[in-house]
Every structure is written in C-alpha cells, then in structure tokens.
Amino acid sequence: MITPEHLRQIASWSNDLNEQEFERARRGIAEKDFSKGTYISHRGDRLDSWNGVVSGLIKVSTVSRTGKAVSLAGVRAGGWFGEGSILKNEPRLYDLVALRDSRMAFLDRATFLWLFENSVAFNRFLVRQFNERLGQFIALVEYDRMLEAPGRLARTLAWLFNPVLYRDSSRHLELSQEEIGLLSGISRQATNKSLQILEAKGLLRLERGGITILHLEKLARFGD
DNA sequence: TCATTAAGCGTTG
DNA sequence: CAACGCTTAATGA
C-alpha cells in the first residue's frame, strides 16, 4: 500500500480531503508500471478504476470510423482521468497508450464512488476538472476546423500545462519533439516546423529533449 | 501535380 | 545514446 506522503505527491486532490477520506483513498489505490508503447487499456474495456499518472506520459486516443488513430489528449504526471466511465458505468470510449515508460495509479471504483458520495472536497475537485475538460472539448471542436498544424500543436501543449489539471505551476516539461508530435497527431517534421514557429513568436523555448512555456495564454489561443 | 509523410541516416549535444 | 534535422521515396489529395 502506498504511503500518505506518496499519495500527497501523486494526487493534488488528496490534500483537500479530511483524514477519514484521505485514508480511504490511500487504501483504494494500487500502482502499476507500463513500458513504452504498451496499452494501459483499450476502447471498450471495462476498466473499473479512476486513473492517475504517477510518472511518464500517456496518450488518450481513439480510432475514427475510417480506421485512423486520432489523438485526443496527453496526460502527464499528476493528471487524473477516467471519471466519466465510472460515473456513467460504461466501457471506455478511448485507448490509453504509454508514450514512454510510465507508472500509473488506479483508484478502485468502489472507493471512487464512496468519495463521490461522501467528500465535498473530492466533488469540488471533480467539478473544477469537468469544467476545464469542457473548455478543452470546445477547443477541440474549434480546432477540428482549424487545420493548421501549429495551432493544433499549441493547444495540445497548453492542455499539458493547464493550471487546474496540474496544480504544480511548472512551466518546463521534458518532452521530445517526437512525443509532442504523437500527442498532437502531427508528423515529426511538421512538429518541428510548428515548434519553431511558436518559438519565433516567443511563446515557448525549445531545449534539447524538452520545452519551456513562456506564454501559456497566447499558446492556448494561438490560431484564433 | 504538389504537398505531406514515414523511414532511414548523419549530426549533435 | 537519444534527440534532432535532413534527404528521399512513397503516398494521396
């Protein structure tokens, strides 16, 4: 079982819980490692847990009717997701892929539902997160029409630095251009070009194997 | 036809 | 050694 300190580290929401709720959450969590390129779950699975990323990088994707893989979002360490499938008690609507060696935390369904019924703090967290996700979804619909690669890439990056979804306010992330491409659904060359455009506009700084966000607001709106 | 991509490979930090 | 960036052949709009 994970330690209280560990839970505080991997789940920002746990810091808002009272003692009883915190203990319950701690007992309901199990961790598991996934190596690069493997599937954490497939579309259609009944994965009865709420998922947190302890370390690494996860891609949420789905397959379009024509059989093409479509990337929906990236989740980095500290992110929690999958509440929709639990609350609606339905199978996963998407695939989860580990883009690099990653460690996941799973909060079992019964514990999730208990927290949902009993913890005000937990619900507050969920509402805030839902609200952000709704914003993301609207942006997704918008950029479906906006085909330029730099804009799509900029939004993907902005999501990874959403201050509500990730409470640590770090502006830097170790993320290769290949990984950014995989998350954005853009080829490596196009990713490189797009990143250079964004860097020239002063929105971010490129480093070897990583990026630093210089202007999150402008990044989130790039291409409007 | 023209643009974009995956694959391979040389370079670089 | 992994990330980067370039070349090239294939793909497809």
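Nothing here was measured: the structure is a model prediction, and the numbers come from that model. To find a chain, count down the sequence lines: A is the first, B the second, and so on, and within it residues start at 1.
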Any protein N or O atoms within reach of nucleotides 8-13 of chain C? Criterion: under 3.5 Å, listing atom names and distances.
none

Nearest to side-chain heavy atoms of [X], which nucleotide of [options]:
X	options	result
A:Arg208	B:dG8, C:dA3, B:dT5	C:dA3
A:Asn192	C:dC4, C:dG5, B:dT5	C:dG5
A:Gln196	C:dG5, C:dC4, B:dA6	C:dG5

Review point. Relative to A:Trp50, does A:Arg109 satisfy both conditions: NZ or CZ under 6.0 angstrom from the six-membered ring centre, and within 45 degrees of the ring's axis?
Key: no
Calculate the interatomic distance between [X] atom [atom1] and [N] atom [atom2]; express it in whole Å.
X	N	atom1	atom2	result
A:Arg188	B:dG10	CZ	C1'	12 Å
A:Leu182	B:dT5	CG	P	13 Å
A:Glu148	B:dA3	CD	C1'	15 Å
A:Leu195	C:dC4	CG	P	9 Å
A:Ile197	C:dG5	CD1	P	14 Å
A:Leu57	C:dA2	CG	C1'	16 Å
A:Glu179	C:dA3	CD	P	7 Å
A:Glu207	C:dC4	CD	P	10 Å

**Study point:** Sole candidate of A:Glu178, A:Glu179, A:Glu174 that passes salt bridge (Lys or Arg N to Asp or Glu O under 4.0 Å) when paired with A:Arg100
**Key:**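 That would be A:Glu179.
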Exercise for review: Could you state whether A:Leu214 and A:Leu173 fall into the same hydrophobic cluster, counting links through intermediate Ile, Leu, Val, Met, Phe, Trp or Tyr residues with side-chain heavy atoms under 4.5 angstrom apart?
Suggested key: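 As far as the 4.5 Å side-chain criterion goes, A:Leu173 and A:Leu214 are not connected within one cluster.
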Practice item. Scan A:Asp95, A:Leu96, A:Val97 and name whichever one has a side-chain contact (heavy atoms from CB on, under 4.5 Å) with A:Val60. Key: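 Of all the options given, the one that passes is A:Leu96.
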Practice item. Have a look at A:Glu174 and say if it touches a base, only the backbone sugar-phosphate, or nothing, with a 4.0 Å heavy-atom cut-off. Key: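 Since no nucleic acid heavy atom lies under 4.0 Å of A:Glu174, the category is nothing.
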Check your understanding: What is the minimum heavy-atom distance between A:Leu115 and A:Phe122, and which atoms define it?
Key ->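 A:Leu115 and A:Phe122 have their closest heavy atoms at CB-CD2, 3.6 Å.
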Exercise for review: With rounding to the nearest 0.5 Å, note down the distance linking OG1 in A:Thr212 to CG in A:Leu206.
Suggested key: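 With rounding to 0.5 Å, OG1 (A:Thr212) is 9.5 Å from CG (A:Leu206).
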Review point. How long is the gap from CG on A:Leu57 to CG on A:Leu99, to the nearest 0.5 Å?
Key: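 It is 5.0 Å, given to the nearest 0.5 Å.
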